[in-house]
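Taking it in order: structure first as structure tokens, then the write-up.
So that the names make sense, note that chain A is the first sequence line, chain B the second, and so on, each numbered from 1. We use all heavy atoms of the structure for the numbers below, so side chains are in, but hydrogens, waters and symmetry mates are not.
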Amino acid sequence: MNLFRSEEHATAWETSHPGLQGQLLTLEQALAWVTFIGKDRPNFDYVHPRATGTLGPFLKSIGLTGDWWKPK
Amino acid sequence: MIEISKNARQTRKVILDSFVATGRAPNVGDVMAALDMSRRAVLEAFREISLIDTFWVEKGTENIRILSPFADLTTPYRVTVAGEQKWYAVCGIEALAFSVFFPDQTVQIDSFCRDCGEPMRLRMKDGSVLEQAPDRIVAHLGVPVARWFDDLPFA
């Protein structure tokens, strides 16, 4: 996942990199996502939410909906 | 819920402790010595860790390159903690996760816009953004979430 200065910069980068089209999220969404997956990481018994089935519902709750955002 | 062995849990802790202290991953020998484990047991622990976290051993080697949010390689996401720069984050989003490992400390993320190369900086503390430049920063996910773990270095 890469960071860009704006949506326009991300779009320009995609245009110059055919085949690397993706989806954008706001910094606030990125922070919410990383807090969800990362807040317990220092814990000895941590399990990534992708392995607990909770990642998909969480992404939906912050507005990241559609096939692109669905975990396996 | 996926359960992994105590050996794998302890191995994960040794790896994280090494990343926090030095910015680098331990090698297999370091883990063997730290936990009095055989090489085979350490490699099995690596396999188990990959089931429950974002963890990548470089293909064809036994070298740990990623245990999120840490990267044991140079990336566009340089991390400075309390004025000391010795960490790299796996990616832009994982860079935002660093502060959980450094409570009560200021974590600075230096990167650049992948389009224009202009610098970008975030300063965080305990999960909150203290400062950012520029004012507008967006994240771009180039791989569908379902395929994110198929090719971690690319994702």
Side-chain angles (χ1 to χ4, degrees), chain A residues 1-60 62 64-72, chain B residues 1-4 6 9-10 12-13 16 20 51-55 67-69 76-77 90-101 103 109 111-116 118-120 122 124 127-129 132-150 154-155:
Chain A
M1 187 177 290
N2 291 313
L3 301 178
F4 292 89
R5 295 174 69 86
S6 69
E7 291 87 344
E8 291 76 18
H9 282 262
T11 301
W13 181 82
E14 282 192 336
T15 302
S16 62
H17 293 79
L20 291 181
Q21 275 67 33
Q23 296 285 319
L24 292 175
L25 58 164
T26 66
L27 187 61
E28 291 72 23
Q29 286 172 319
L31 276 167
W33 183 346
V34 83
T35 299
F36 181 70
I37 65 173
K39 67 183 186 320
D40 296 324
R41 264 210 170 103
N43 296 349
F44 191 73
D45 59 355
Y46 173 82
V47 178
H48 192 289
R50 75 178 159 92
T52 64
T54 56
L55 181 58
F58 174 76
L59 293 177
K60 194 173 180 182
I62 60 171
L64 301 176
T65 59
D67 289 345
W68 187 271
W69 303 103
K70 286 182 184 169
K72 274 184 182 170
Chain B
M1 177 70 81
I2 295 173
E3 295 294 338
I4 64 171
K6 187 177 179 184
R9 290 285 178 200
Q10 290 174 323
R12 180 175 175 275
K13 184 175 187 314
L16 286 175
V20 169
L51 300 175
I52 58 98
D53 206 348
T54 307
F55 179 69
L67 179 55
S68 282
Y77 304 96
V90 172
C91 69
I93 192 169
E94 292 287 9
L96 305 175
F98 255 72
S99 64
V100 73
F101 285 95
I109 302 153
S111 186
F112 54 91
C113 176
R114 298 299 289 275
D115 175 48
C116 67
E118 286 295 310
M120 297 193 296
L122 285 152
M124 300 183 65
S128 297
V129 176
Q132 71 177 71
D135 290 339
R136 183 102 177 109
I137 294 176
V138 298
H140 176 275
L141 182 61
V143 178
V145 172
R147 288 176 29 216
W148 204 1
F149 293 91
D150 294 349
F154 177 71

Which pair of non-hydrogen atoms, one from Ala30(A) and one from Leu96(B), has the smallest distance, and what is that distance? CB-CD1, 3.8 Å
His48(A) and side-chain contact (heavy atoms from CB on, under 4.5 Å): which partner among Ile2(B), Ile52(B), Thr54(B)? Thr54(B)
Which of Pro42(A), Ala51(A), Gly38(A), Pro49(A) touches chain B most, by non-hydrogen pairs under 4.5 Å: Pro42(A)
OG1/Thr26(A) to CD1/Ile137(B) distance, rounded to the nearest 0.5 angstrom? 11.5 Å
Using the rule side chain to side chain donor-acceptor pair (under 3.5 Å), only one of His9(A), Gln23(A), Glu14(A) pairs with His140(B); which is it? Glu14(A)
Rounded to the nearest 0.5 Å, what's the gap from CZ on Phe4(A) to SG on Cys116(B)? Could you check? 9.5 Å
OH of Tyr46(A) to CZ of Arg9(B), rounded to nearest 0.5 Å, is 10.0 Å
Decide yes or no for Arg5(A) and Asp115(B): does some side-chain heavy atom of the first lie under 4.5 Å from some side-chain heavy atom of the second? no
Is there a side-chain contact between Asp67(A) and Pro144(B) in this structure, where contact means two heavy atoms from C-beta onward sitting under 4.5 Å apart? no
Worked check of side chain to side chain contact (heavy atoms under 4.5 Å, CB included) between Met124(B) and Leu31(A): CA-CA 11 Å; Met124(B) 300 183 65; Leu31(A) 276 167; 3.6 Å; yes
Using non-hydrogen atoms only, which part of Ser68(B) is less than 4.5 Å away from chain A: side chain, backbone, both, or neither? both
Just so I know, are the side chains of Glu94(B) and Ile37(A) near enough to count as touching, which here means a heavy-atom distance under 4.5 Å? yes
Pairwise distance CG(Asn2(A)) to OH(Tyr77(B)) - rounded to 0.5 angstrom: 4.0 Å
Can you find a heavy atom in the side chain of Ile109(B) that is under 4.5 Å from one in the side chain of Leu3(A)? no
Counting only heavy atoms closer than 4.5 Å, note whether Leu122(B) contacts chain A via side chain, backbone, both or neither. side chain
Is it the backbone or the side chain of Val20(B) that comes under 4.5 Å from a heavy atom of chain A, or both, or neither? neither
Choice from Thr52(A), Leu24(A), Leu55(A), Asn43(A) maximising heavy atom contacts with chain B below 4.5 Å: Leu24(A)
Less than 4.5 Å apart, any side-chain heavy atom of Phe44(A) and any of Gln10(B)? yes
By a 4.5 Å heavy-atom criterion (distance strictly below it), what part of Gln21(A) contacts chain B: side chain, backbone, both, or neither? backbone
Considering non-hydrogen atoms only, spot the tightest contact between Asp53(B) and Arg50(A) and give its length. O-NH2, 2.7 Å
Would you mind telling me which of Ala10(A), Gly56(A), Ser6(A) has the largest number of heavy-atom pairs within less than 4.5 Å of chain B? Ser6(A)
Are any non-hydrogen side-chain atoms of Trp69(A) and Leu141(B) less than 4.5 angstrom apart? yes
